[in-house]
Amino acid sequence: MADRRPRRRRSAGEAEPPGMAPRRAALRLLDAILRRGDPLDVAMHAAAQGLTGADRAFAVAIASEALRWMVDIDALIDGATAQILPDDVKSRAVLRIALAQLLVLKSPGHAVVSTALPLVDGGPRRLVHAILSRAQQEEWQLPAGATLPLPAAERWAEQWDLKMVEAAEASWSAPPPIDLSFAAEPGADEWPEALTLAPRHRRLPRGQAVEAMPGYREGGWWVQDLAASMPARLLGNGEGRTVLDLCAAPGGKTMQLAAAGWNVVAVDASAKRLERLRANIERTSLSAEIVQGDIRSWEPANPADAILLDAPCSATGIFRRHPDVLHRIEPRQIEEMAALQADLLSRAANWLKPGGTLVYATCSLERAEGEDRMSAFLDRHKGWTVAPARPDELPDMIAPDSDGFVRTLPGMLADEGGLDGFFVARLRAPSN
């Protein structure tokens, strides 16, 4: 039987239990995400300063699984307390990360308890200890699938249907596999363990260190979800023509376009994100002109043959990889993103040669950032037409909708590991 006695408080100068640094970082991550609304990658800069690579990865894993399973973990906490703990009390946050370790990451119980108690002060230590002891004694289990936060589930049920919500919960329950895009099609005997879902694309099981995989240093491939590869696929071979890759960082689509023979001008407002894009371009030995600029004020010197606008969005389509997004995004942010997308589309529309091609994409599952955005754009920009995606341009089992747009939803390719949620539209500018 688990020891229910609260541990004594440490005296001044007494060393903390091993493994406290990543747990403290995970607690700071949760606070930044849930209280301030910071994205996980932004919160990491402050929360994980000074951590080693392994501790940093562990902190991210703890916070990510606490967010992914938070609805179900909270139900267990509330079922074990006489009074509901407010969301903003530290004891609930500590229990969230402790139970994520115990029930999802399968960390040893003694390590979970010994590192949880120093994170709370005074009376709550007794409560935290009692609940963690009960969880071990009663062998608590999480449900087979993680429950979506209610606002997201209700919003998607209204926009799509309940089947989509069920598929989203199934895909939400575990991190996705690793997808690789290649500059050139790998040989038939290369990557024999990988699943081929499209040309120049391979899928591998999760759990491998990307930097240790074959060919990483040689730069023949980069990590990119299959859905994220589709916008650049719709531009085809460049044959030396010029394409503006707008909001380009971290560079997956830039590398695709460069590998397909486009003269790429990659534009992004963030200097830090452009550092990553530049490193990716250097590693893959591909070529692109890299420009720091906010496209709300920046504009090109000359019209381009094509534009790829991977617009800033709510990012609800990448919830499998970024479980923080469904706890942060509310209708207000979706409305703000949709307004920004409208502005960016209108500006980009002026930068094409007559008859040029514009591909618009968002990693969003919100119709306001996809189908509705396209309808509004076409209503206001006479002479623009949809250039429907063709089935032969898309991966097997992905088909354009009746309007010629590409919409990926949870449940697609479920047996093969699923897809991120994306919307992609290809438009043709007036010829004169």
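Numbers here simply count residues along the sequence, with the first being 1.
The heavy-atom pair separating Pro205 from Ile178 by the smallest distance is O-CD1, 4.0 Å. Counting all heavy atoms, side chain and backbone alike, Leu244 lies closest to Pro300 at CD1-CG, 3.9 Å. Between Ile131 and Trp140 the shortest heavy-atom distance is CG2-CH2, 3.8 Å. The heavy-atom pair separating Asp55 from Pro22 by the smallest distance is O-CB, 3.5 Å. Taking both residues in full, the closest heavy atoms of Ala59 and Leu29 are given as O-CD1, 4.0 Å, listed atom of the first, atom of the second, then distance. Here the closest heavy-atom approach between residue Ala288 and residue Thr254 is recorded as CB-CG2, 3.8 Å.
Remark: side-chain polar atoms of Arg273 are not paired, donor with acceptor, to backbone N or O of Ala269 under 3.5 angstrom. Counting only distance, with no hydrogens or angles, the side chain of His322 and the backbone of Ile318 share no donor-acceptor pair below 3.5 Å. Side-chain atoms of Asp403 never come within 3.5 Å of backbone atoms of Phe405 as a donor-acceptor pair (strictly under, hydrogens ignored). Listed for the Asn280 side chain is no donor-acceptor partner under 3.5 Å among the backbone atoms of Gly251. At least one donor-acceptor pair closer than 3.5 Å links the side chain of Arg206 to the backbone N or O of Pro176. A donor-acceptor distance shorter than 3.5 angstrom exists from the side chain of Gln341 to the backbone of Pro312, with no hydrogens or angles considered. Judged by distance alone, with hydrogens and angles left aside, the side-chain atoms of Glu154 form no donor-acceptor pair with the main-chain N or O of Pro151 at under 3.5 Å. Side-chain N or O atoms of Ser173 include one that pairs as donor or acceptor with a backbone N or O of Glu169 at under 3.5 Å. Panel note: side chain Asn263, backbone Gly240; no donor-acceptor pair is recorded below 3.5 Å. Side-chain N or O atoms of Arg283 include one that pairs as donor or acceptor with a backbone N or O of Trp221 at under 3.5 Å.
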Could you please spell out the steps behind the salt bridge (charged side-chain N to carboxylate O under 4.0 Å, His left out) verdict for Asp74 and Arg92?
-> CA-CA 8 Å; Asp74 279 354; Arg92 180 180 284 277; 3.1 Å; yes
Do Thr196 and Arg202 pass the side chain to side chain donor-acceptor pair (under 3.5 Å) test, and can you show the C-alpha distance, the side-chain angles, and the key distance before you say yes or no?
-> CA-CA 5 Å; Thr196 301; Arg202 298 293 184 271; 3.2 Å; yes
Check the pair Lys353 / Asp305 against salt bridge (charged side-chain N to carboxylate O under 4.0 Å, His left out), numbers first and verdict last.
-> CA-CA 6 Å; Lys353 294 178 180 178; Asp305 297 288; 3.2 Å; yes
Where do Val264 and Met255 land on the side-chain contact (heavy atoms from CB on, under 4.5 Å) test, with the steps shown first?
-> CA-CA 9 Å; Val264 186; Met255 292 182 282; over 6 Å; no
Test side-chain contact (heavy atoms from CB on, under 4.5 Å) on Thr357 and Leu427 and set out the steps.
-> CA-CA 6 Å; Thr357 302; Leu427 306 176; over 6 Å; no
Salt bridge (charged side-chain N to carboxylate O under 4.0 Å, His left out) between Arg332 and Glu336, worked out = CA-CA 6 Å; Arg332 174 180 56 82; Glu336 291 172 353; 3.4 Å; yes
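Between Leu394 and Leu234, some side-chain heavy-atom pair lies under the 4.5 Å cut-off. When side chains are defined from C-beta on, Val406 does not count as touching Arg426, because their heavy atoms never get closer than 4.5 Å. Counting only heavy atoms from C-beta outward, the side chains of Leu197 and Asp396 never approach each other to under 4.5 Å. Side-chain contact between Ile281 and Ser287: absent, with no pair of heavy atoms (C-beta onward) separated by less than 4.5 Å. Trp351 places a side-chain heavy atom less than 4.5 Å from the side chain of Glu299. Residues Val325 and Arg328 have side chains in contact (heavy-atom distance under 4.5 Å, counting atoms from C-beta outward). Counting heavy atoms from C-beta outward, Pro410 and Leu365 have side chains that approach closer than 4.5 Å.
By the 30° and 60° cut-offs, the orientation of the rings of His381 relative to Trp384 is perpendicular.
Counting non-hydrogen atoms of other residues, nucleotides and ligands closer than 6.0 Å to CD of Glu218 gives a total above 12. Within 6.0 Å of atom CG in Asn432, 12 or fewer heavy atoms from other residues, nucleotides or ligands are found, so the atom counts as exposed in its surroundings. Residue-environment remark: CZ (Arg380) exceeds the threshold of 12 foreign heavy atoms within 6.0 Å. Within 6.0 Å of the CD atom in Glu211, the count of heavy atoms belonging to other residues, nucleotides or ligands exceeds 12.
Looking only at atom types and distance, the side chain of Ser181 has no donor-acceptor partner in the side chain of Arg200 under 3.5 Å away. A side-chain N or O of Glu369 and one of Ser314 form a donor-acceptor pair less than 3.5 Å apart. Between Ser64 and Arg68, the side chains place no donor N or O within less than 3.5 Å of an acceptor N or O (distance only, hydrogens not considered). No hydrogens or angles considered: nothing links the side chains of Gln101 and Glu65 as a donor-acceptor pair under 3.5 Å. When only modelled atom types and interatomic distance are considered, Glu366 and Trp156 share a side-chain donor-acceptor pair under 3.5 Å.
Here CZ of Arg296 is found 10.0 Å from CZ of Arg347. Values are rounded to the nearest 0.5 Å. Here CD1 of Ile84 is found 3.5 Å from CG of Asp78. Values are rounded to the nearest 0.5 Å.
Geometrically, Arg373 does not engage Phe423 in a cation-pi contact, judged by NZ or CZ lying under 6.0 Å from the ring centre and within 45° of the ring axis. By the 6.0 Å and 45° rule, Arg321 does not stack over the aromatic ring of Trp172. A cation-pi geometry, defined here as NZ or CZ lying under 6.0 Å from the six-membered ring centre and within 45° of its normal, holds between Arg367 and Trp160.
The existence of a salt bridge linking Asp41 and Lys272 is excluded, since no basic side-chain nitrogen approaches an acidic carboxylate oxygen closer than 4.0 Å.
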